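Each remark here refers to the structure printed beneath this line.
Everything numeric here is computed off the predicted structure, so don't read it as measured data. Numbers restart at 1 for each chain; the letters A, B, ... are given by sequence-line order, proteins then strands.
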Number of protein chains: 4
Amino acid sequence: MQRPDEKKRQLIVATAAKMFAARPFHKVRLDDIAAEAHLGKGTLYVYFDNKEDLYISLIYDGFERLVENLRRELSATAADGSLLPAAEALRRAVDALVGFAFAHPHLFEMMRNVGEIKRLHAGEWKAKRQEFMELIANTIRRGVENGELTDQNPEMTAACLGGMVRSIMLFGPRDLGEREVAAQVYRLIGHGIIKRPCGKPQ
Amino acid sequence: MQRPDEKKRQLIVATAAKMFAARPFHKVRLDDIAAEAHLGKGTLYVYFDNKEDLYISLIYDGFERLVENLRRELSATAADGSLLPAAEALRRAVDALVGFAFAHPHLFEMMRNVGEIKRLHAGEWKAKRQEFMELIANTIRRGVENGELTDQNPEMTAACLGGMVRSIMLFGPRDLGEREVAAQVYRLIGHGIIKRPCGKPQ
Amino acid sequence: MQRPDEKKRQLIVATAAKMFAARPFHKVRLDDIAAEAHLGKGTLYVYFDNKEDLYISLIYDGFERLVENLRRELSATAADGSLLPAAEALRRAVDALVGFAFAHPHLFEMMRNVGEIKRLHAGEWKAKRQEFMELIANTIRRGVENGELTDQNPEMTAACLGGMVRSIMLFGPRDLGEREVAAQVYRLIGHGIIKRPCGKPQ
Amino acid sequence: MQRPDEKKRQLIVATAAKMFAARPFHKVRLDDIAAEAHLGKGTLYVYFDNKEDLYISLIYDGFERLVENLRRELSATAADGSLLPAAEALRRAVDALVGFAFAHPHLFEMMRNVGEIKRLHAGEWKAKRQEFMELIANTIRRGVENGELTDQNPEMTAACLGGMVRSIMLFGPRDLGEREVAAQVYRLIGHGIIKRPCGKPQ
DNA sequence: CATGAATGAGGTTTCATTCAT
DNA sequence: TATGAATGAAACCTCATTCAT
């Protein structure tokens, strides 16, 4: 007797991620995923309810990992045990985000359809997205409180971050390196592009 | 692109936009669009080659209008006939972008899948997107040249803008007004969120 | 433009009847029905919701015709406009039943699963079956009232009739003629409930 | 037909009977039977070759028991060792039939598809059904020979019996008692074929 | 013997597209 | 031009059966 195998689930998810990233949902056939994973078609249905469930799980799993990465980075502490300066934390968040985008371009690309998912799995998804937003927004709020940062609407800023990275990946110049992208995003979010004459507050 | 009955074409486009915005491509049936538009299914094929053509045309048309909006705003001249200051031009670009997003949420939401389209209609699309990018990037470059702005990679910044707006619309706090969104985006892109002590260059 | 064609519906029904009679439900493929009827597979779905709907419709249509036959026979009147004697009416009912069984063996055979259908389309079916029962039971009751017949439970008797015919067709000796079957059923049912005056042998 | 664990085989048969009676063959999944019986799916295959074998065995076993019941009843002898009068034997047959129908409604209901089975296991089944028919038909013939009964076609009459009971159970009035059903069937069948001496009302 | 994860042939069903009217 | 009945390729999914454990 065999037991449901987490390894196999991972194999399916990874294979599916590759396929779904390369072509739109309705052009990906489960037959192909099964073949690519060297599994029987029915096996997919042992681990997932249906095509959509597989798709959603895929993205959700990825997003979950991303949130974990973020949490780890943002909860890092300095030598003395205190939290990192907000600006430093923000840089790490950007790095984590961009790093994830480069490490899992499939997943990142697919998160475009998050709007669709929200309709289907509102509950779980909303909670996880809330986590994501809170991690960043709270960091910004902390910075605002201790005078490091200034932001009239940390929530909006948090919401922006993902979109910035995604847009650059999709529409920006070709062949950008991870470093460059992270640096540019951090510059934009951090200082913007308008030269401010000294002493003139924003 | 003039067809027998431009009114009818518009009706189809508008109906389709509504449907495609509400559900993903593969869940929208031509039957549904035809029914919703009170037209025969075959009529759709008088005006569009196939489902994908309809979908692409939809987004392309929308994007085209957006680009025209942008061009109009960015080519505005001051009383003396000179171009607007770059910062002011940028503000107008952000306003145009956000205004469009609020005016055509369906279209804006659908542009999420622009990546998909790129694969299909690389040619036309690439040119149009190039226009979009150039409009913004050139404005930034102009500002950099005349000392108003500073940006190490105007192309990336240009690429960012759309994503920022979209992210805020999708993931940001509920019930945001057009003004608020435009203001926040402009603040972020313009000055960022890090308080800079006077005299300390970025 | 073509209009939904009642002729085509009949063609589908007739073809399906043949197939479903020859093999059990789960061994009949819609592919086969479509091929046999020289129609596209999808055409079946223009006229019926799904396989089960086709199956049910099939039997229901047949049963409906049977009930109409019965009604015609039982409402026949003598030369003077009065209803037929109950015994005569009963004979006609049996003839109609057996005639139908011989004319539409497919349908009659399939009505075996009426129990199944009841669960699915309780409403319509129940009403139609009620009609069937009432036609026979009322005839018997009329005979009882005017002294022709005697039956302690006309409803049960009515319920019996179909089963008798079906059993004979299925399990009785081979190569029975319509006449023989009708005669035997009538003898069984008839002499059980017809008061025979003394001395008059059956 | 003894298997490793006869108890377990019985459990499977009983569970399957319940399921097959409630829904048609193609809607009963072996998964469901296994789950309902708290057994592994594979275990079913230890005791039966395949789904159809299970189904057939089920009905065949039931029918076999019914035939045994009938044989016992019909071979009963009077105090003096002679066989029972034909009319009395017939009554017992009807009682046995109705009793079985009430005791095993699942099985009885399933025998609807006996026609189907005939095609599949013609051999064994034909023999067993022949036994059933002979038991009844011979009893009738005996009655005819000794003047108790009159029947032009005992085989047809025998074939009828099962159908009568089944029809009443399925389509007759609700909430009939075993007694009532048996009585009515006996009256119908009996008074049709029993010579009634003059002046003796039914 | 008992199990249930794995399988994949083959089923039902969908729906973009065609074309006769 | 406008229609929607007809089509059938191709998709998703089921589930009887197998077999490693």
Side chain to side chain contact (heavy atoms under 4.5 Å, CB included) with A/Gln10: which residues, sequence neighbours excluded?
A/Glu6
On a plain distance test, is the side chain of C/Lys41 in donor-acceptor contact with the base of E/dG11 below 3.5 Å?
no
With the threshold set at under 4.0 Å for non-hydrogen atoms, list the residues of residues 31-39 of chain A touching DNA chain E in residue-number order.
A/Leu39
Nearest-neighbour nucleotide for the D/Leu30 side chain, F/dA6, E/dA2, F/dT17 considered:
F/dT17
With sequence neighbours left out, write down each residue that passes ring-ring contact (aromatic ring centres under 6.0 Å, His included) with B/Phe100, or none if nothing qualifies.
B/His104
Which nucleotide in the list F/dC12, E/dG11, E/dA6 gets nearest to the side chain of A/Arg29?
F/dC12
Heavy-atom distance under 4.5 Å between the side chains of A/Phe25 and B/Pro24, does that happen here?
no
Reading DNA chain F from 5' onward, which residue's closest nucleotide shows up sooner: A/Gly42 or B/Leu44?
B/Leu44
Looking at NZ of A/Lys27 and NE2 of B/His26, how far apart are the two atoms once the value is rounded to the nearest 0.5 Å?
13.5 Å
Between B/Lys27 (NZ) and F/dC12 (C1'), how many Å, whole number?
13 Å
Paired runs of 3 or more consecutive Watson-Crick or G-U pairs involving DNA chain F, with both pairing distances under 3.5 Å, are E:2-21 with F:2-21
Is there a side-chain contact between B/Arg9 and B/Asp61, using heavy atoms and a 4.5 Å cut-off?
yes
B/Lys8 meets the side chain to side chain contact (heavy atoms under 4.5 Å, CB included) criterion, sequence neighbours left out, with B/Asp5, B/Leu39, B/Thr43, B/Tyr47
Assign each of C/His26 and B/Val28 the nucleotide of DNA chain E bearing its closest heavy atom; nearer the 5' end lies the nucleotide of C/His26
Between A/Asp49 and C/Thr43, which residue's closest nucleotide on DNA chain F lies nearer the 5′ terminus?
C/Thr43
Interatomic distance, A/Asn50 CG vs E/dT12 P [rounded to whole Å]:
21 Å
Taking the inter-plane angle between the rings of D/Trp125 and D/Phe63 on a 0 to 90° scale, is it parallel (under 30°), tilted (30 to 60°) or perpendicular (over 60°)?
parallel
Report yes if a side-chain nitrogen or oxygen of D/Tyr47 is closer than 4.0 Å to either non-bridging phosphate oxygen (OP1 or OP2) of E/dA2; otherwise report no.
yes
Nearest heavy atom decides the nucleotide; on that basis, is D/Gly40 or A/Val46 closer to the 5' end of DNA chain E?
D/Gly40
A/Leu58: which residues meet the side chain to side chain contact (heavy atoms under 4.5 Å, CB included) condition with it, sequence neighbours left out?
A/Val13, A/Ala16, A/Ala17, A/Phe20, A/Met110
With a 4.5 Å heavy-atom cut-off, do D/Leu107 and D/Arg65 have their side chains touching?
yes
Measure from OH on D/Tyr45 to P on E/dA6 and round the result to the nearest Å.
18 Å
What nucleic acid atoms does D/Lys51 come within less than 4.0 Å of, heavy atoms only: base, sugar-phosphate, or nothing?
sugar-phosphate
I need the CG-P distance between D/Asp53 and F/dA16, as an integer number of Å.
14 Å
Between D/Tyr45 and D/Asn50, the two heavy atoms sitting closest are CE2-CA, 3.9 Å
Measure CD/A/Glu6 against P/E/dA5 and give the value in whole Å, please.
14 Å
How many Å lie between CZ on C/Phe48 and P on E/dT14, as a whole number?
16 Å
Can you tell me how far C1' of E/dT7 sits from CG of A/Asp5, to the nearest Å?
16 Å
